[in-house]
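To find a chain, count down the sequence lines: A is the first, B the second, and so on, and within it residues start at 1. Note: hydrogens, waters and symmetry copies are ignored here, and every other heavy atom, side chains too, is used.
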Amino acid sequence: MKYEPREIEPKWQRYWEEEKLFKAVDFDQSRPKLYVLDMFPYPSAAGLHVGHPEGYTATDIYSRYMRMNGYNVLHPLGWDAFGLPAEQYAVQTGTLPRKTTEQNIETFRRQIKSLGFSYDWDREINTTSPDYYRWTQWIFIQLYKQGLAYLDEVPVNWCPALGTVLANEEVVNGVSERGGHPVERRPMKQWMLKITDYAERLLADLDELEWPEGIKEMQRNWIGKSTGAEIDFCVAENEETIRVFTTRPDTLFGCTYMVLAPEHPLVDKLTSPEKEKEVAAYKEDALAKSELSRSVSEQEKTGVFIGNYAVNPVNNERLPIWISDYVLMTYGTGAIMAVPAHDERDFEFAKTYDLPVQPILVPSKEAAEKEGITPEDVLEKRSCWTGQGTLVNSANDFGLDINGLDVENAKERTIEWLEQQDRGKAAVNYKLRDWLFSRQRYWGEPFPVVYMEDGSIKVLDEDELPLELPEMEDFSPSSNGESALARAEDWLDYTDPKTGKKGRRETHTMPQWAGSCWYYLRYLDPRNDARPWDEEKEKYWMPVDLYVGGAEHAVLHLLYARFWHKVLYDLGLVSTKEPFRKLVNQGMILGISYKDPQGRIVPNDKVVEDGNKLYHAETGQELEEMPAKMSKSLKNVVNPDDVIQQYGADSFRLYEMFMGPLEAVKPWRTEGVEGVRRFLNRVWKMVVGPDGGIAEEVKNSEMNEEELRVLHETIKKVTEDIESLNFNTAISQLMVFVNEFGGKAERNREAVETFILLLSPFAPHIAEELWSRMGYDNSLAYEPWPTYREECLKVANVEVVIQVNGKPRSRVTLPADATSEQMQQAAMEDERIQELTDSSDIKKVVTVPGKLVNVVAK
RNA sequence: GCCCGGGUGGCGGAAAGGCAGACGCAACGGACUUAAAAUCCGUUGGGGAUAUUAUCCCCGUGCGGGUUCGAAUCCCGCCCCGGGCACCA
């Protein structure tokens, strides 16, 4: 009887679902809890692609394994379904987003279920369901009440093509991350979340997380903490002071001019009458520039002198004040002290406008040499030096002398002096900015906010939630920066049920990230309609023990969710400081593509095969294989439905895990799926006979030493590899087992049963089927995980390598527990070794017990 | 430019400082078959020597050095590829 995944897979999927086999039990005190979470998918119209199930398979294997180890596993899934792509798709097809979203979810659910994952489907959630988003709104209200949500008129990233503003995180190189449309800066009234209040904690608490170092580093860079000083500069002939932030207070004596951001509030006040025209023109220019042109660093520096001077607090030198767009209003104080001798940007600007350069720091000869310059180059203003060195020309008559100090001590001393003089203080700055939280879109959570006629802002009461999204025929955004909701007449008008006062609802909606900021908490108590979650359940299940998802969420989702979690923690609503204890990023799966000799990637439908070679159908150029990101345009997308149809879900799962390490980027090869399918065929034939019963070779026979060793080696390796998520090597060990036992005339029954259990987390359908054919009535999902016996791993004799000067020259078989002396003796007696060493002196002999002897001879 | 990853057969990839290439794919040879597919068995890093089939030698983990009895693995200096950040004072 043949292995037929198409028959057995749906059967077991039905069984698991009907029996609710993977139900997570709240408050089970008899077993330790384990929360294993996948980043929930965004159900697109294209359906699942092969990248999604990679992480899901990994967490499924781990969950199934841990259940067999006696854990009470919470492993849920849901849908992150609000957001721009769904709305755009709905606009294109002319259907309601709610409808298309429902269809997409249905497709995703069907596809995911066909892979046999052990989710607790009773906990399925959907961010677009009013039962869910009422609590997203509720959390927003808590943020508002904490003063962490505020309205601000800010220059934002307005994207005309998408008809919405975007967060800084959603703008990449000046164009929208989705779609690549141009983005311009434009002042608008927006909801902001004060994530900056949490910058320090978001940074510090990274240390306690078991996350990939790279992701933590990316978050650290994003938060961008710098320590330095704030220094006040008096303006000559004026009452004003200009405050700057600098990380290099030690270079204050080298400051020769100042620069303000063009938007700086003091610019107009400080501009001299004769410079007004020029300044106004420059400001207009700078503001019109998009983020793109403004952030290209190679661009030449421009600026305008505003006709006024500030005073350097350490030496009373007059410093011309300039404006330039290389100074950003959004970082620090929007003003800088320029130290051209020791800052590349200031140096470049000073060269352009012929401003004075004052060196005050000399590098050591060696340090300078490494950069290909000399200390004289710095002192004679030919080179800019930003590294370590010794301070010079840095003393005044008012008690500050930092000459001869190194950078660190000079910083400290300068700050001390500034504090004494009341001219500055130590300060910390973060690159992180507040989170722009509104979108001019229809398909998102409505803000529970009303603008009252008297000008006040009212957030809705808890009993007014959910504020449901009105159903609209036309939900395209308006061109003036308001969302479609501005046209929802009936919905807009609000009358306070208690006071009777009237108002108009907020027409913006929340960004896609809102729903995913707290979904892991809703899984704990998904049907609670009195509270977002039960606090006791939260205490039982949290934190998430393992979180698996793509690295593209390194800063966005993962930073936002941590921020909300910390707010909830401060409100006493959650019991842990951090939501996700251990994080793993699965690597992308690439498609097979081809490149021409110029390195250009050619779409797969333009590739023709002739003999063993590949050619471009049109140009005739010879092509070379090259993996590339799967995309419709390259025609290299693999559809999981096709793979499952042809090879089965177990083969699909096994192949995705066998390709290579979970975190690595790997190219998809359908031949590889055939390989693991062949493996499962051999597994089937190892257990099942031609009549469908147990194969007659499976019996209560004695195992020989080698079989015993392979069995226990397999238990050990598979166990350890699942623990460390090295699924590829676990699978190769399962293959080793089948290579050993598969063709044998006698296959020990116990060994075969153990093997089925070891295989079950990876290929659960075939494992269940074999288990039941072995005569068991119950699912194997809660069978105890096999354990290995140390003594069975040992073998009586081992082959010991004998090296001469580190090169393997001979091998001898010795008892595994041979002593160093015995090994040495065997090496010396070896004919080949004697031959090789007889004309030289033996200097020493190194032995590694059970492995190797190295004879060092000269 | 800066910060992370990573470079091992034809390909995906294995290797607590101890026999490099486990496991799989592909390829080749053979068995079965009228034939093919499927399946099974065998070979497969490169070069060379001896040679009735086995034995041996040299080279080989991006490049160049170093540490060590011994390096894919550790250290120093480069090159290339992938990802992230990018006028953040």
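When the P atom of G12(B) is taken as reference, atom CD of Glu54(A) falls 16 Å away, rounded to whole Å.
At a cut-off of 3.5 angstrom, the base of C87(B) holds at least one donor-acceptor pair with the side chain of Lys301(A). Between the side chain of Arg832(A) and the base of C56(B), no donor-acceptor pair under 3.5 Å is found.
Proximity note for Pro661(A) (side chain, C-beta onward) versus C25(B), C23(B), A14(B): the nearest is A14(B). Of the candidate nucleotides C11(B), C19(B), G84(B), G84(B) has the atom lying nearest to any side-chain atom of Met218(A). In this structure, of G12(B), C23(B), A89(B), it is G12(B) that holds the atom nearest to the side chain of Pro667(A). Comparing atom distances between the Val848(A) side chain and each of A89(B), G18(B), C3(B) picks out G18(B) as nearest. Distances from the side chain of Asp343(A) to the nucleotides A14(B), G84(B), A89(B) place A89(B) closest.
Side-chain nitrogen and oxygen atoms of Ser226(A) include at least one within less than 4.0 Å of the OP1 or OP2 phosphate oxygen of A89(B). Taking 4.0 angstrom as the limit, Asn854(A) places none of its side-chain polar atoms (N or O) nearer than this to OP1 or OP2 of G18(B). The side chain of Asn739(A) contributes an N or O atom lying less than 4.0 Å from OP1 or OP2 of G24(B). For G12(B), the OP1/OP2 oxygens have no side-chain nitrogen or oxygen of Lys666(A) closer than 4.0 Å. Residue Arg809(A) places at least one side-chain N or O under 4.0 Å from the OP1 or OP2 atom of C58(B). Arg678(A) has no side-chain polar atom (N or O) that falls below the 4.0 Å cut-off from OP1 or OP2 of C23(B).
For Asp250(A) against Ala410(A), the heavy-atom pair with the smallest separation is CB-CB, 3.6 Å. Here the closest heavy-atom approach between residue Gly660(A) and residue Asn728(A) is recorded as C-ND2, 3.6 Å.
With respect to Tyr655(A), the ring-ring contact (aromatic ring centres under 6.0 Å, His included) criterion is satisfied by exactly one of Phe679(A), Tyr647(A), Trp668(A), Phe727(A): Trp668(A).
Asn636(A) places a side-chain N or O within donor-acceptor distance of the main-chain N or O of Ser631(A), the cut-off being under 3.5 Å. Between the Gln586(A) side chain and the Val548(A) main chain, no donor and acceptor come within less than 3.5 Å of each other.
For G77(B), the base adopts the anti conformation, since its glycosidic angle falls more than 90 degrees from zero. For A20(B), the glycosidic angle deviates from 0 by more than 90°, giving an anti base.
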Exercise. Give RNA chain B the dot-bracket treatment, 5' to 3': Watson-Crick (N1-N3 with N6-O4 or O6-N4) or G-U (N1-O2, O6-N3) under 3.5 Å, [ ] crossing, | other strand.
Key: (((((((..(((.....[....))).(((((.......))))).(((((.....)))))..(((((..]....))))))))))))....
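For Asp721(A) and Thr729(A), the side-chain atoms include at least one donor-acceptor pair closer than 3.5 Å.
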Quiz item: Hey, mind stepping through Arg220(A) and Glu217(A) against salt bridge (Lys or Arg N to Asp or Glu O under 4.0 Å) and telling me if it holds?
Solution: CA-CA 5 Å; Arg220(A) 285 189 194 108; Glu217(A) 202 51 35; 2.9 Å; yes
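When the P atom is compared between G5(B) and C76(B), the two are found 14 Å apart, to the nearest whole Å.
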